[in-house]
J.: 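Below is one structure. I have some questions about it.
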Amino acid sequence: MPRGQNLYFRIYNAVRKIPRGKVATYGQIAALIGSPRSARIVGWALRSLDPGTKVPWQRVINGQGMISIENMNCPKEQQALVLRQEGVEVMQRDGNFWVDLGKYGWQTD
DNA sequence: GGTTTGACCCTAA
DNA sequence: ATTAGGGCCAAAC
């Protein structure tokens, strides 16, 4: 198995720890796994996820609080829809979706 | 083996 | 306020 799998496992585990109705940023996840400067790895890990994964990758967004996904099997619309079902208020901004991290941001601490 | 890219973040001008 | 550049680690070519 690739040595990066351990890191992937950490990422998935951290993402699973995100409470329902909250959203976390790549930076936070990266910080939780011990690499605050490796937010990109989180993106890679989530990108490699399967469509039927149990990991709530939908709760992970960028530091600006908006969804970056573009050409994935799951369109941003559906992601925003799921977040709404989770209880997160998603605002639309010119085709892109915006979430208020100040209210729905996951407070790790 | 090296080079490029990536669902990012931070700092500087 | 915005735009540009560097950095980080892992996977794909």
Side-chain angles (χ1 to χ4, degrees):
Chain A
M1 49 167 60
R3 73 170 188 264
Q5 181 140 9
N6 194 346
L7 186 60
Y8 271 44
F9 183 76
R10 285 192 191 176
I11 294 174
Y12 299 149
N13 195 9
V15 174
R16 285 180 197 165
K17 283 177 59 182
I18 303 175
R20 180 176 171 276
K22 296 277 183 176
V23 291
T25 66
Y26 297 94
Q28 274 187 325
I29 301 300
L32 286 176
I33 65 178
S35 299
R37 303 290 153 62
S38 306
R40 319 189 86 197
I41 311 304
V42 180
W44 252 105
L46 297 181
R47 177 182 187 256
S48 198
L49 278 173
D50 294 324
T53 183
K54 306 101 184 166
V55 179
W57 58 272
Q58 44 211 35
R59 297 177 188 162
V60 184
I61 53 181
N62 59 5
Q64 298 179 346
M66 51 180 157
I67 302 172
S68 313
I69 304 176
E70 186 103 5
N71 45 335
M72 275 307 267
N73 46 30
C74 299
K76 306 181 298 188
E77 277 185 2
Q78 187 162 359
Q79 167 142 22
L81 193 69
V82 176
L83 288 177
R84 287 179 185 171
Q85 291 183 354
E86 300 254 314
V88 179
E89 187 174 353
V90 181
M91 297 171 286
Q92 300 176 350
R93 187 66 68 170
D94 190 50
N96 292 334
F97 294 94
W98 184 287
V99 180
D100 188 348
L101 292 174
K103 289 176 177 262
Y104 300 101
W106 180 33
Q107 315 295 352
T108 53
D109 190 7

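In what follows, every chain begins at residue 1, and chains take the letters A, B, ... in the order their sequences are listed. Since the model is a prediction, treat every value here as computed from it, not as a measurement.
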J.: Report all interatomic pairs (protein N or O, nucleotide N or O of nucleotides 9-13 of chain B) with separations under 3.5 Å.
T.:
{"residue": "B/dC9", "atom": "OP1", "partner": "A/Gly63", "partner atom": "N", "Å": "2.4"}
{"residue": "B/dC9", "atom": "OP2", "partner": "A/Gly63", "partner atom": "N", "Å": "3.0"}

J.: Between B/dA7 atom P and A/Asp50 atom CG, what is the distance in whole Å?
T.: 17 Å
J.: Distance check needed: B/dG6 C1' versus A/Leu49 CG, whole Å only.
T.: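 Result: 15 Å.
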J.: Applying the side chain to side chain contact (heavy atoms under 4.5 Å, CB included) test to A/Lys76, which of A/Leu81, A/Val90, A/Asn96 qualifies?
T.: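 Of the listed options, the one satisfying the test is A/Asn96.
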J.: From C-beta outward on A/Tyr8, which listed nucleotide comes closest to its side chain: B/dA7, C/dA11, C/dC9?
T.: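 Selected nucleotide: C/dA11.
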J.: Main chain of A/Gln58, side chain of A/Gln79: is a donor-acceptor contact present, judged purely on distance under 3.5 Å?
T.: yes
J.: Could you tell me the separation between the CZ atom of A/Arg40 and the P atom of C/dA12, rounded to a whole number of Å?
T.: 16 Å
J.: Starting at atom CG of A/Leu7, determine the distance to atom P of C/dA10, rounded to an integer number of angstrom.
T.: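 Interatomic distance, CG of A/Leu7 to P of C/dA10: 6 Å.
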J.: Tell me the interatomic distance from A/Leu46, atom CG, to B/dC8, atom P, rounded to whole angstroms.
T.: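 After rounding, the reported distance stands at 10 Å.
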J.: Using a cut-off of strictly less than 4.0 Å, decide whether A/Ser68 has a side-chain nitrogen or oxygen near OP1 or OP2 of B/dC8.
T.: yes
J.: Give one of base, sugar-phosphate or nothing for A/Ser35, where a contact means two heavy atoms less than 4.0 Å apart.
T.: nothing
J.: State plainly whether one hydrophobic cluster holds both A/Leu83 and A/Leu101, where clusters connect Ile, Leu, Val, Met, Phe, Trp and Tyr through side-chain heavy atoms under 4.5 angstrom apart.
T.: yes
J.: To the nearest 0.5 Å, what is the distance between CZ (A/Arg59) and CG (A/Leu46)?
T.: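 Nearest 0.5 Å value for the CZ-CG distance: 13.0 Å.
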J.: Taking atom P of B/dA7 as reference, at what distance in whole Å does atom CZ of A/Phe97 sit?
T.: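 After rounding, the reported distance stands at 18 Å.
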J.: How many Å lie between CH2 on A/Trp44 and P on C/dG7, as a whole number?
T.: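 Value for this atom pair: 22 Å.
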J.: Look at the side chain of A/Tyr12 and the backbone N and O of A/Ala45, then say whether any donor-acceptor pair between them is shorter than 3.5 Å.
T.: yes
J.: Identify the residue among A/Val55, A/Ile29, A/Leu32 that makes a side chain to side chain contact (heavy atoms under 4.5 Å, CB included) with A/Ile18.
T.: A/Ile29
